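Since the structure comes first, as structure tokens, the remarks are kept for the end.
Note: hydrogens, waters and symmetry copies are ignored here, and every other heavy atom, side chains too, is used. Small disclaimer: the values here were computed from a predicted structure and weren't measured.
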Amino acid sequence: QVQLVESGGGLVQAGGSLRLSCAASGGTYSTFSSDAMGWFRQAPGKEREFVAAISRTGADIVYADSVKGRFTISRDNPKNTVYLQMNSLKPEDTAVYYCAARPSPMTTMQERLYRYWGQGTQVTVSS
């Protein structure tokens, strides 16, 4: 059973920073270093949307326009962990943030191409 566990969410004032982590584990999950990873978010009353994605080596990274220049995705393959550094947070960044794993080395913004999902971590940005 593959598990993705997010952590690092919380309450922060506008302009502040948070760093999310997503740790992958599971007896059959031995392909983390081969999989592209992504972050998505879902705000109350809205559909889940793409935030960022990183290829298996980290050489290819994609961001949603709304977070470019403020968020940074990275990964540590030996630790089976992907990170999302979020700076200059805005109230509109408030959402549940999910990490996801795609059984392919290449990045994508398409939610349907990710196979494994975490339970999510709440990020709340106050004005």
Side-chain angles (χ1 to χ4, degrees):
Q1 182 88 18
V2 174
Q3 284 190 319
L4 299 177
V5 180
E6 302 96 336
S7 62
L11 174 64
V12 64
Q13 289 188 332
S17 298
L18 283 173
R19 187 194 195 202
L20 305 184
S21 299
C22 172
S25 64
T28 60
Y29 194 34
S30 60
T31 62
F32 178 86
S33 61
S34 300
D35 292 352
M37 299 295 295
W39 285 96
F40 292 77
R41 67 186 182 186
Q42 187 168 22
K46 295 187 177 181
E47 292 187 352
R48 190 156 57 186
E49 65 176 3
F50 171 79
V51 175
I54 186 168
S55 63
R56 69 175 184 89
T57 65
D60 183 32
I61 291 175
V62 182
Y63 295 102
D65 288 343
S66 59
V67 306
K68 277 181 183 176
R70 300 188 299 122
F71 290 12
T72 302
I73 189 172
S74 62
R75 65 189 297 161
D76 186 336
N77 286 343
K79 294 183 178 180
N80 280 8
T81 302
V82 62
Y83 305 97
L84 186 67
Q85 177 67 43
M86 306 186 295
N87 299 328
S88 302
L89 283 162
K90 305 175 181 180
E92 51 263 44
D93 293 319
T94 294
V96 177
Y97 283 71
Y98 300 89
C99 72
R102 181 192 183 199
S104 163
M106 300 180 66
T107 58
T108 181
M109 295 185 289
Q110 297 186 62
E111 182 176 336
R112 64 181 179 85
L113 295 179
Y114 288 84
R115 177 180 295 175
Y116 302 115
W117 291 83
Q119 293 298 308
T121 185
Q122 176 70 48
V123 172
T124 303
V125 185
S126 63
S127 58

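- Atom CD in Q42 sits 8.0 Å away from atom CD in E47 (nearest 0.5 Å).
- Distance alone, capped at 3.5 Å, places no donor-acceptor pair between the N77 side chain and the T57 backbone.
- Once rounded to the nearest 0.5 Å, the distance linking OG of S126 with CD of Q13 reads 5.0 Å.
- Looking at every heavy atom in both residues, P78 comes nearest to D76 through CD-OD1, 3.0 Å.
- Among all heavy-atom pairs drawn from T94 and Q122, the shortest one is CG2-NE2, 4.0 Å.
- Take E92 and apply the side-chain contact (heavy atoms from CB on, under 4.5 Å) test, not counting sequence neighbours, and it matches K90.
- Here the straight-line distance linking atom CG of D60 with atom OG1 of T107 works out to 3.5 Å at 0.5 Å rounding.
- With hydrogens and angles disregarded, a donor-acceptor distance shorter than 3.5 Å links the side chain of E6 to the backbone of C99.
- I73 and L4 fall within a single hydrophobic cluster, where Ile, Leu, Val, Met, Phe, Trp and Tyr side chains are chained together by heavy-atom contacts under 4.5 Å.
- Distance check, rounded to the nearest 0.5 Å: CZ of R102 to CE of M37 gives 12.5 Å.
- Here the closest non-hydrogen pair linking Y97 and L84 is CD2-CD2, 4.1 Å.
- Judged as a ring pair (Phe, Tyr, Trp, His ring centres under 6.0 Å), the pairs with a partner in residues 33-64 (not counting sequence neighbours) are, in order, F40-F50, F40-Y114, F40-W117.
- Closest approach of S17 to N87, counting heavy atoms only: OG-OD1, 2.9 Å.
- Taking R70 as the reference, D93 meet the salt bridge (Lys or Arg N to Asp or Glu O under 4.0 Å) condition, with sequence neighbours excluded.
- Taken together through direct or relayed side-chain contacts under 4.5 Å among Ile, Leu, Val, Met, Phe, Trp and Tyr, I61 and V67 form part of one hydrophobic cluster.
- Side-chain contact between S66 and R41 is present, with heavy atoms from C-beta onward closer than 4.5 Å.
- Atom-to-atom distance recorded for L20:CG and Q85:CD is 8.5 Å, nearest 0.5 angstrom.
- Checking side-chain atoms of R75 against main-chain N and O of S55 turns up a donor-acceptor pair under 3.5 Å.
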Query raised in the report: Are M109 and V62 close enough, and set up right, to give a side-chain contact (heavy atoms from CB on, under 4.5 Å), and what steps lead you there?
Result: CA-CA 8 Å; M109 295 185 289; V62 182; 3.9 Å; yes
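- In this structure, CG in D35 is found 13.0 Å from CD1 in I54, a value given to the nearest 0.5 Å.
- In the hydrophobic clustering of ILVMFWY residues, with side-chain heavy atoms under 4.5 Å counting as a link, Y83 and Y98 come out apart.
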